[in-house]
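See below for the structure under consideration.
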Amino acid sequence: MTEPTQAGRTTESGPPVAPGPASPYDGSGTARESNARYKRLIADGTTGLTVAFDLPTRMGRDSDTPPASGEVGRAGVAIDSLDDMRVLFAGIPLDTVTTSMAINAPAAPLLLLYQLVAEEQGVPATALTGTIRNDVPEEYDARGRYVFPPKPSLRLMADMFRYCRAELPRWTTVSVEGAEPYEQLPAAPGLEERQAERLAKLRAWRCGDRVHRTLAAVTAAAGGDDNVLPPMKEALSAGATVGEVCDALREAWGADAPADPRVARRVETRLGTAVATAAGTV
């Protein structure tokens with residue numbers, strides 16, 4: 001499966017993406033299987049990778065939660081924690097590849113996991129290049145519901161713009177392309193159970209007090225004016241899961257809910273204005 005050519009999209013906070021060949025669109029199955037495919041692609045000369053995430057990851061839910069049942073590893077790779085992201089990009093030269101991530105509302109924690117893996121590899125954040133979709137209205141177009149309410153979703157995008165300008169200046173932080181169907185593939189047998197086991201082991205070895213403290217800092221930042229990404233990065237580094245980080249945001253912002261089409265249109269208009277303003281065009 002390949003992602004459509006990148007012509008005609010709106011991007012922000014990074015070098016413009018020129019029209020050209022599509023990046024290999026991959027990520028279904030396990031992180032280990034996807035990693036093996038990435039290595040084969042790179043050996044064949046590919047320098048751009050595009051990662052698709054499964055539905056629970058795209059909705060900010062861990063693989064062992066009831067909403068994830070039956071969806072783990074379908075239509076993309078399951079990423080619950082830093083450990084999964086390590087497996088996904090093990091042995092991949094993150095300073096020489098360009099990575100595009102097909103993720104919207106939970107874009108911030110996924111990008112921070114990528115940054116943490118790069119730092120473990122000795123690659124500075126300033127050397128990382130790539131794109132993250134981060135297109136809030138697509139959540140309504142594709143599934144008729146938001147992961148976070150509209151106003152906090154836009155605030156989260158603005159926090160990401162500011163964070164990436166300071167920390168990942170070569171990263172493109174939004175790609176507005178409209179809804180794109182995800183290919184529904186059968187999950188690998190036993191994948192959901194294996195992901196649940198990985199999460200159980202993670203929660204057993206991590207420092208619970210540190211995780212609790214850092215997640216509380218995420219909620220406090222979300223309820224105030226501070227950028228939520230620095231405490232979010234600290235929480236993920238401590239072993240918090242993507243679902244737990246998203247739950248910390250929901251504690252301050254409210255739970256996901258069906259989206260009103262009128263609100264979706266207003267959010268899309270505000271998103272276009274925000275992107276243009278951030279890019280200095282209005």
Side-chain angles (χ1 to χ4, degrees), residues 27-36 38 51-92 94 99 101 103 105-123 132 147 187-222 228-251 255-256:
S28 59
T30 68
R32 196 173 304 279
E33 290 168 345
S34 296
N35 175 265
Y38 293 156
V51 186
F53 298 96
D54 70 355
L55 180 60
T57 304
R58 299 198 309 270
M59 298 301 290
R61 301 293 183 181
D62 287 334
S63 296
D64 61 351
T65 58
S69 180
E71 296 292 343
V72 176
R74 298 182 64 201
V77 65
I79 299 294
D80 290 312
S81 69
L82 179 57
D83 187 45
D84 290 329
M85 193 67 86
R86 288 184 182 121
V87 173
L88 185 62
F89 288 104
I92 304 296
L94 299 186
T99 302
M101 299 185 186
I103 191 84
L110 272 298
L111 179 57
L112 291 171
L113 290 176
Y114 187 84
Q115 181 185 356
L116 285 166
V117 169
E119 291 172 351
E120 291 178 351
Q121 294 182 2
V123 178
I132 201 154
V147 174
L191 174 58
E192 190 167 327
E193 291 75 15
R194 292 196 300 274
Q195 282 297 116
E197 290 174 2
R198 288 171 65 83
L199 283 166
K201 290 178 181 178
L202 169 68
R203 294 181 177 121
W205 67 253
R206 69 187 185 180
C207 175
D209 288 343
R210 184 185 173 201
V211 171
H212 178 77
R213 184 174 64 253
T214 54
L215 287 173
V218 173
T219 300
V228 298
L229 270 73
M232 191 184 293
K233 184 184 178 189
E234 181 65 23
L236 293 165
S237 178
T241 67
V242 172
E244 289 168 341
V245 166
C246 290
D247 284 344
L249 296 177
R250 291 183 183 103
E251 187 175 338
D256 57 349

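Counting all heavy atoms, side chain and backbone alike, Val147 lies closest to Arg250 at CG1-NH2, 3.7 Å. The two residues Arg210 and Ala238 come nearest to each other via the heavy atoms NE-CB, 3.4 Å. The two atoms that bring Ile103 and Ala107 nearest to each other are CG2-CA, 3.7 Å, heavy atoms only. When all heavy atoms of Asp54 and Arg74 are compared, the pair lying nearest together is CB-O, 3.2 Å. Shown here for Gly73 and Ala78, the closest heavy-atom pair between the two residues is N-CB, 4.3 Å. Across Ala221 and Val228, no two heavy atoms sit closer than the pair C-CG1, 3.8 Å.
Applying the side chain to side chain donor-acceptor pair (under 3.5 Å) criterion to Glu197, with sequence neighbours excluded, gives no partner residue. Checked against side-chain contact (heavy atoms from CB on, under 4.5 Å), Ala240 has the following partners two or more places apart in sequence or in another chain: Val211, Leu215, Ala235, Glu244, Val245.
Going from atom CG of Leu191 over to atom CD of Glu33 covers 8.0 Å, rounded to the nearest 0.5 Å. Summarising the geometry, atom CZ belonging to Phe53 is positioned 7.0 Å from atom CG belonging to Leu88; distances are rounded to the nearest 0.5 Å. Here Ile79 contributes atom CD1 and Phe89 contributes atom CZ; the two are 7.5 Å apart, rounded to the nearest 0.5 Å. The line from OG of Ser81 to NZ of Lys201 is 12.5 Å long, rounded to the nearest 0.5 Å. A distance of 5.5 Å separates CG of Leu116 from NZ of Lys233, quoted to the nearest 0.5 Å. To the nearest 0.5 Å, atoms OG1 (Thr214) and CE (Met232) are separated by 11.5 Å.
Under the 4.5 Å side-chain criterion, counting only non-hydrogen atoms from C-beta, Leu82 is in contact with Arg86. Contact annotation: the side chain of Gln115 never approaches that of Leu229 to less than 4.5 Å [non-hydrogen atoms, C-beta and beyond]. Taking the side chain as every heavy atom from C-beta outward, Val218 and Glu251 never approach each other to under 4.5 Å. Annotation: side chain of Pro106 is not in contact with side chain of Arg61 (no heavy-atom distance under 4.5 Å).
A salt bridge is absent between Arg206 and Asp83; no separation between the charged side-chain nitrogens and carboxylate oxygens falls under 4.0 Å. Using a cutoff of 4.0 Å between basic side-chain nitrogens and carboxylate oxygens, Asp80 and Arg198 are not scored as salt-bridged.
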Can you list the steps and then say if Arg203 with Asp64 is a side-chain contact (heavy atoms from CB on, under 4.5 Å)? CA-CA 12 Å; Arg203 294 181 177 121; Asp64 61 351; 2.6 Å; yes

Please determine whether side-chain contact (heavy atoms from CB on, under 4.5 Å) holds for the pair Thr30 and Gln195, giving the CA-CA distance in whole Å, both sets of side-chain angles, and the decisive distance to 0.1 Å. CA-CA 9 Å; Thr30 68; Gln195 282 297 116; over 6 Å; no

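For the side chain to side chain contact (heavy atoms under 4.5 Å, CB included) test with Leu112, the passing option among Val117, Val242, Leu236 is Leu236; the others fail.
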